[in-house]
Protein chains: 2
Amino acid sequence: MNALLRDANPPLTRSVEDYLKVIYHLSNQGGFAATSDIAAMLDVAPPSVSGMVKRLSETGLIEHVPYRGVQLTAQGRRAALRMIRRHRILELYLTQHLGYDWGGVHAEAEQLEHAVSDELVERMASALGHPLYDPHGDPIPTAAGEIEEAELVSLADAPVGLKLELRQVGTQDSARLHYLAGQGLTPGVLLTVSERQPFNGPTTVALVPSGDPRVVGRELAQLLWCREVPVDGYGAAAR
Amino acid sequence: MNALLRDANPPLTRSVEDYLKVIYHLSNQGGFAATSDIAAMLDVAPPSVSGMVKRLSETGLIEHVPYRGVQLTAQGRRAALRMIRRHRILELYLTQHLGYDWGGVHAEAEQLEHAVSDELVERMASALGHPLYDPHGDPIPTAAGEIEEAELVSLADAPVGLKLELRQVGTQDSARLHYLAGQGLTPGVLLTVSERQPFNGPTTVALVPSGDPRVVGRELAQLLWCREVPVDGYGAAAR
DNA sequence: TAAGATGATTAGGCTATACTAATTCGATAA
DNA sequence: TTATCGAATTAGTATAGCCTAATCATCTTA
């Protein structure tokens with residue numbers, strides 16, 4: 001069919017929505033998301049990402065600098081935040097109204113976020129009392145697409161005893177990223193600082209909820225940017 | 001990739017689930033579902049149906065008699081009933097817990113039925129008190145895939161004043177089917193018998209909720225099989 | 001019983017998405 | 001400053017959907 005006659009603004013596919021979400025998470029503070037990181041997060045091969053990147057920049061959802069990476073445009077960011085709002089409201093609704101625990105809720109929300117209508121999302125938000133934070137304490141974007149940016153501390157500077165959520169990893173270095181992923185240190189993971197050796201020594205953290213310890217050297221700890229999580233685990237109530 | 005190495009039992013796609021559902025509805029009492037009827041129900045071209053029919057019979061979900069139509073196998077029927085259970089529980093949940101009315105709920109459930117997990121469906125069923133009927137009075141299949149078959153009366157024999165749901169149209173004749181569809185007389189529609197002329201004359205019905213009257217000649221009325229709907233509209237409460 | 005009508009199927013294409021293998025770019029290190 | 005290596009891209013292929021146009025089968029009717 002003639003390309004000019006096709007719908008100029010077709011609804012986004014499920015795949016596209018997933019790409020936008022991970023690009024948002026990877027390029028959070030103004031950086032570029034690398035092809036291989038996107039591929040790893042979505043569990044697809046890098047050439048698949050190159051292909052999708054091409055389509056997404058043609059439709060104006062991302063900006064692509066070849067061999068450097070991608071960033072969301074304003075339009076892409078809006079779409080990504082819409083998905084994040086859906087995801088967080090779904091997680092909250094499933095836990096508070098349907099008895100889910102924090103184990104199973106992420107996978108379920110991951111599926112549903114592509115299928116719910118805007119109306120349903122707003123009805124769930126209503127039923128929840130229009131919450132501002134999800135149970136991890138992460139801010140829920142507004143329906144208009146605004147989000148409160150959290151203040152981040154590097155793990156190397158975080159005080160002992162604090163409960164933290166790993167939000168960003170400040171490197172593109174693949175070896176480091178793979179090492180961290182192997183340790184379970186990926187954005188979104190919850191942890192507490194259990195001790196830090198003096199004289200710029202390593203920091204020991206415990207993963208939440210497993211309690212598994214991880215020892216992180218200072219150099220790496222400086223790259224791990226975290227957000228303080230309110231101790232009750234429910235940001236909405238705490239603020 | 002080598003076909004032998006692929007997952008022997010991959011999850012069904014959204015499209016496949018939709019095909020199975022309409023084949024179930026079209027071949028309800030042991031008949032065959034015709035290609036053109038499937039195409040009309042799914043709003044796709046007939047060759048698309050031929051293509052899908054080929055794939056579905058290769059995977060053992062349907063039985064295909066060329067130029068005659070298709071029927072579900074036991075496996076296909078199980079999958080179809082699973083979708084119908086999801087759909088009906090979703091409709092009930094959305095109306096009872098999220099304030100939906102009967103207008104918007106069908107489209108929303110149509111999307112969600114492909115995305116919810118079995119666990120979520122069962123949690124919603126629990127929250128609803130394990131209902132046996134949806135708000136139309138249609139029976140909800142069990143998680144094990146059993147469904148209560150409703151007793152049907154032909155519209156030509158239904159007593160005046162009864163509230164009915166049109167369940168099956170007992171013909172494959174295209175002209176008749178198109179005429180009925182044009183009159184809004186498609187399976188699922190609710191109606192009440194307002195009067196019947198004596199000596200095998202036509203039956204007049206009123207559509208619910210619009211109240212629009214339709215006059216149906218005896219020959220056609222005999223083809224319209226209906227289920228009696230409890231007057232309160234909530235089968236679950238009535239039984 | 002043969003011709004037409006109608007519905008089903010095949011032929012041939014298109015798009016979105018994925019893959020592997022081959023190639024190219026760019027940064028690091030000698 | 002160049003050789004090298006890893007990351008990114010291109011080339012080429014596959015699959016699940018969909019489509020239109022062309023053909024084929026079946027049923028009805030003259």
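Reminder, nothing fancy here: chain letters follow the sequence lines and each chain counts from 1. We use all heavy atoms of the structure for the numbers below, so side chains are in, but hydrogens, waters and symmetry mates are not.
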Heavy atoms from C-beta onward define the side chain here; which of C:dA18, C:dT17, D:dT9 lies closest to that of A:Thr13? C:dT17
Among D:dA8, C:dA8, D:dC19, find the nucleotide with the atom closest to the side chain of B:Tyr67. C:dA8
Gap between atoms [atom1] and [atom2], on [X] and [N] respectively (whole Å):
{"X": "B:Asp37", "N": "C:dT6", "atom1": "CG", "atom2": "C1'", "result": "13 Å"}
{"X": "B:Phe32", "N": "C:dA8", "atom1": "CZ", "atom2": "C1'", "result": "15 Å"}
{"X": "B:Leu56", "N": "D:dA16", "atom1": "CG", "atom2": "P", "result": "11 Å"}
{"X": "B:Leu42", "N": "D:dA16", "atom1": "CG", "atom2": "P", "result": "18 Å"}
{"X": "A:Leu20", "N": "C:dT17", "atom1": "CG", "atom2": "P", "result": "11 Å"}
{"X": "A:Ile38", "N": "D:dA8", "atom1": "CD1", "atom2": "P", "result": "9 Å"}
{"X": "B:Ile62", "N": "C:dA8", "atom1": "CD1", "atom2": "P", "result": "13 Å"}
{"X": "A:Arg68", "N": "D:dA8", "atom1": "CZ", "atom2": "C1'", "result": "14 Å"}

Using atom types as modelled and distance alone, determine if a side-chain donor or acceptor of B:Arg88 lies under 3.5 Å from a backbone N or O of B:Pro139. yes
Using modelled atom types and a 3.5 Å cut-off, is there a donor and acceptor pairing between side-chain atoms of B:Arg196 and backbone atoms of B:Thr203? no
Check for me whether B:Arg123 meets the cation-pi criterion with A:Tyr100, that is, NZ or CZ under 6.0 Å from the six-membered ring centre and within 45 degrees of the ring axis. yes
Between side-chain atoms of residues 57-65 of chain B and protein atoms elsewhere (two or more places apart, or another chain), which donor-acceptor pairs fall under 3.5 Å?
residue : atom : partner : partner atom : Å
B:Ser57 : OG   : B:Val53 : O            : 2.7
B:Ser57 : OG   : B:Lys54 : O            : 3.3
B:Thr59 : OG1  : B:Arg55 : O            : 3.2
B:Thr59 : OG1  : B:Leu56 : O            : 3.2

Between B:Ser27 and B:Gln71, does the side chain to side chain donor-acceptor pair (under 3.5 Å) criterion hold? Intermediate values first, please. CA-CA 6 Å; B:Ser27 62; B:Gln71 274 183 314; over 6 Å; no
Would you tell me if any nitrogen or oxygen in the side chain of [X] comes within less than 4.0 Å of OP1 or OP2 on [N]?
{"X": "B:Ser36", "N": "C:dT6", "answer": "no"}
{"X": "B:His64", "N": "C:dT9", "answer": "yes"}
{"X": "A:Ser15", "N": "C:dA18", "answer": "yes"}

Looking at residues at least two apart in the chain, or sitting in another chain, which of them share a side chain to side chain contact (heavy atoms under 4.5 Å, CB included) with A:Ala144? A:Thr142, A:Glu146
Just do the salt bridge (Lys or Arg N to Asp or Glu O under 4.0 Å) check on A:Glu122 and A:Arg85 with the steps written out, would you? CA-CA 10 Å; A:Glu122 297 320 314; A:Arg85 173 175 173 79; 2.7 Å; yes
Dot-bracket notation for DNA chain C is requested: 5' to 3', Watson-Crick or G-U wobble pairs only, both distances under 3.5 Å, with ( ), [ ], | and . as defined. ||||||||||||||||||||||||||||||
Of A:Pro66 and B:Pro46, the one whose closest nucleotide on DNA chain C sits nearer the 5' end is B:Pro46
Within residues 47-55 of chain B, find the residues that approach DNA chain D with a heavy atom at under 4.0 Å, and present them sorted by residue number. B:Pro47, B:Ser48, B:Met52, B:Arg55
Please enumerate all residues that pass salt bridge (charged side-chain N to carboxylate O under 4.0 Å, His left out) together with A:Arg82, with sequence neighbours excluded. A:Asp118
Solution key, residues 212-224 of chain B side-chain donor-acceptor pairs under 3.5 Å, sequence neighbours excluded:
residue  : atom : partner  : partner atom : Å
B:Asp212 : OD2  : B:Ser210 : OG           : 3.4
B:Arg214 : NE   : B:Gln183 : O            : 2.6
B:Arg214 : NH2  : B:Gln183 : O            : 3.3
B:Glu219 : OE2  : B:Arg176 : NH1          : 2.5

